[in-house]
Amino acid sequence: MLAPVVAILSLWVLSTAGDSNLDPIKNYCKRLYHQSAVKSGKLYIDGGLEIFTPKNDYGTAEGGEILGYNEWLITLDMQYSWDWETSNFSMNALNITADPTTGTKPANLISGALYAGAPDDSKIYLYGGTTSFLNESFPGFEWPDSAQYALWSFDTDDQTWSQYDVSLNVPYKPAGGAYAEAADQGLAFYLNGWLDNGTSNAFENEYNFLKYLDGMVAVNTNTQQARNLSTSSLNNSPRVKGALAYIPGVSSKGILVAMGGVTKPTSDSSLDNEGTYVSFDSVDIFDIASMDGAWYNQPVSGDIPGPRTDFCVVTVSAPDNSSHNIYLYGGQGANNLYDDVYVLSLPSFRWIKMYQGESPRYGHTCHLVGNKQMLTVGGDASEDLMSGCDWEEYGVAILDMSSMVWGHIYHALDGEYQVPTKIYNVIGGDGQGNAHQMKPTGGFSNDQIAQFFNETASTGSGKSTTPSSSTSSKISGGAIAGAVVGSVIAAGLIAALILYLIRRQRKQQKNTNPPSSPPTTTETAEAPPDYKPARLDGAFFRNRGQAVELTSQQVSALTELGISNPAMLHEMDGRPRGPAELPDTRPADVFTTKSGKN
Ligand SMILES: *[C@@H]1O[C@H](CO)[C@@H](O)[C@H](O)[C@H]1NC(C)=O
Ligand SMILES: *[C@@H]1O[C@H](CO)[C@@H](O)[C@H](O)[C@H]1NC(C)=O
Ligand SMILES: *[C@@H]1O[C@H](CO)[C@@H](O)[C@H](O)[C@H]1NC(C)=O
Ligand SMILES: *[C@@H]1O[C@H](CO)[C@@H](O)[C@H](O)[C@H]1NC(C)=O
Ligand SMILES: *[C@@H]1O[C@H](CO)[C@@H](O)[C@H](O)[C@H]1NC(C)=O
Ligand SMILES: *[C@@H]1O[C@H](CO)[C@@H](O)[C@H](O)[C@H]1NC(C)=O
Ligand SMILES: *[C@@H]1O[C@H](CO)[C@@H](O)[C@H](O)[C@H]1NC(C)=O
């Protein structure tokens, strides 16, 4: 076995720029609602709220915590193994620089998305997001930009930012939507989301403005074009603060699975969870091959997670692709925060509870790193932003998704993902896969979903058999191999792990309330209307516009929102209203590429 190759790098910071003296790494207390992506062996963290601990010249904390913003692009090297507890890693903060052709810097945003882009593309992409007004006196605070340039890229090779005008097809810049990307196809998705006074300078004087948006924005990261797909067939839409997972290898180009979050707010002041929770007792599926806007609802069974927002998901497939396992971690419920991990396994569509801890986390992001590790980034353990710092000193942690062990060490060379016993006890098979249950317990809800999995929709388990409990005692050699990866230093790791577990235990929150069950919505499985098939190629995405002024679409969009008459806006936003008062759908021509115009 190869000894792990490890860069012996202590923590160092390239730049401590910005107007404040607070360093995003040295003064880190906690972060949340940031954007992050992993690209070519590096983690990138953009924006987000950051709470800082001021320190004196000796590095000792001095004075109270300061609520502010992360004004840097933070990077963490993932090419080498690291251990955050010993600061044995390379975490840097890069200055955010202006687009050299326009002189404009990307805005400092929360609740947007950072996409890795296609493997052969050196750029990462920032889409959506909103300006937080939580501390307007923080030196890094900047007023919102125009929504015209909702898409930005950062070239990881030459370190330049570029902005793109996608406003002709997608007039608004949404925040709080669920996002996922089919990086292998250069496609990124942003589902629903909201508009508030931080999403555009046109709204910045609108106190308490909040509107949830229909539509799913699809970005072709290779051409930097975007379009807005109808979500009229998606139940409980528009929704925010939920999650979207990309599952490759299902249907011809993969599917997206949407879950959780909340729907329309009940009052106009609710960036809090005042809407209706989207129950995890069903999920919604989008077929990337058709790109026709059709969503299919599939009821799911098993250990249904409590309703929540602000959780993260990571997908990993069995070695033989017989199951695709979506790991859900943490989040925020109506009266409680979660420290748990659930897996939604496809195609059995069964939820399996994997882990329960006592150190909750919400507003974090997570990524698949190596073959089987979940990297978690940021998040908060309390609804009170000023109530203490993250016990994970740099805000990163690792979950081995095969052994379900949390740790502070990232293994750049990890073993193959093995399906955990807890999962194959339910769906059958072993660490390699060989899942028995190839259909939902109640059958596929319609032919379309069944076809994505090359199955039929007839109810019942069909060829699948519910595994007997006798499989539970079977532990595959592979699972053992997975568990002892890194055995060269196993003794040290075990000692470190014990310390870590003790520490994790110590960091228990006082919140001992059992998860409550706020009201949930009942989703009805509905055959989607007839959709026109569409193409995926470049012609499908509008070219970058040239206008610097508001486009006519933007102007009409603003008019539609009543921005010319703010009083009307306030009135309309707080209650359900009919289309006669405020049309929720944009005219069809907004989505259509007008060929020849550029
Ligand atoms: C970062 O930007 C600041 C100005 O905001 C500048 O003073 C500083 O030199 C820059 N640092 C680097 C490493 O470019
Ligand atoms: C907002 O920022 C200012 C300037 O850094 C700081 O003094 C103040 O404590 C911050 N407010 C909060 C609530 O942290
Ligand atoms: C850094 O962490 C890795 C993984 O635990 C370890 O192999 C390596 O020896 C560590 N390096 C230092 C300098 O502690
Ligand atoms: C996308 O289209 C929907 C109508 O389907 C519209 O309500 C929404 O504002 C659009 N989204 C964006 C981000 O412009
Ligand atoms: C934007 O709205 C929020 C409430 O949603 C409010 O706290 C904030 O002050 C508003 N910002 C401005 C500039 O009015
Ligand atoms: C599993 O699916 C992935 C993605 O579609 C594919 O690259 C891989 O070859 C598949 N593995 C097997 C064993 O079929
Ligand atoms: C279904 O069949 C098609 C065509 O044979 C194949 O490309 C696809 O990978 C199969 N999908 C699954 C989930 O087995």
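Note that the numbering runs from 1 along the sequence shown for the chain. What's counted below: heavy atoms across the whole structure, side chains too, no hydrogens, waters or symmetry copies. Ligands are counted one by one from 1 in listed order, and the atoms in each one are counted from 1 as well.
- Residue contact check for ligand 5: N208 places a non-hydrogen atom closer than 4.0 Å to it.
- Proximity to N197 (heavy-atom distance under 4.0 Å) selects the following atoms of ligand 5: 1 (C), 2 (O), 3 (C), 8 (C), 10 (C), 11 (N), 12 (C), 14 (O).
- N108 meets the side chain to side chain donor-acceptor pair (under 3.5 Å) test with no other residue; sequence neighbours excluded.
- By the 4.0 Å heavy-atom criterion, G68 is excluded from the residues contacting ligand 2.
- A side-chain donor from one of S345 and N325 sits under 3.5 Å from a side-chain acceptor of the other.
- Residues D390 and R361 are paired through a salt bridge, judged by an N-O separation under 4.0 Å between the basic side chain and the carboxylate.
- Listed by number with element, the atoms of ligand 5 under 4.0 Å from a non-hydrogen atom of W143 are 13 (C).
- With respect to K30 and D380, a salt bridge is recorded, a charged nitrogen being found less than 4.0 Å from a carboxylate O.
- Proximity to E204 (heavy-atom distance under 4.0 Å) selects the following atoms of ligand 5: 12 (C), 13 (C), 14 (O).
- In this structure, Y115 and Y179 have perpendicular ring planes: the angle between them is above 60°, well past the 30° mark.
- Protein residues are said to neighbour a ligand when one of their heavy atoms lies under 4.0 Å from it; for ligand 6 these are G249, P319, N321.
- At a heavy-atom cutoff of 4.0 Å, ligand 2 is contacted by both the backbone and the side chain of L67.
- Heavy atoms of F209 come nearer than 4.0 angstrom to ligand 5 in no pair at all.
- Side-chain contact of N95 with T97: a donor-acceptor pair under 3.5 Å is absent, judged by distance alone.
- Contacts of F203 with ligand 5, taken as heavy-atom pairs under 4.0 Å, are absent altogether.
- In this structure, CG in N205 is found 6.5 Å from CH2 in W143, a value given to the nearest 0.5 Å.
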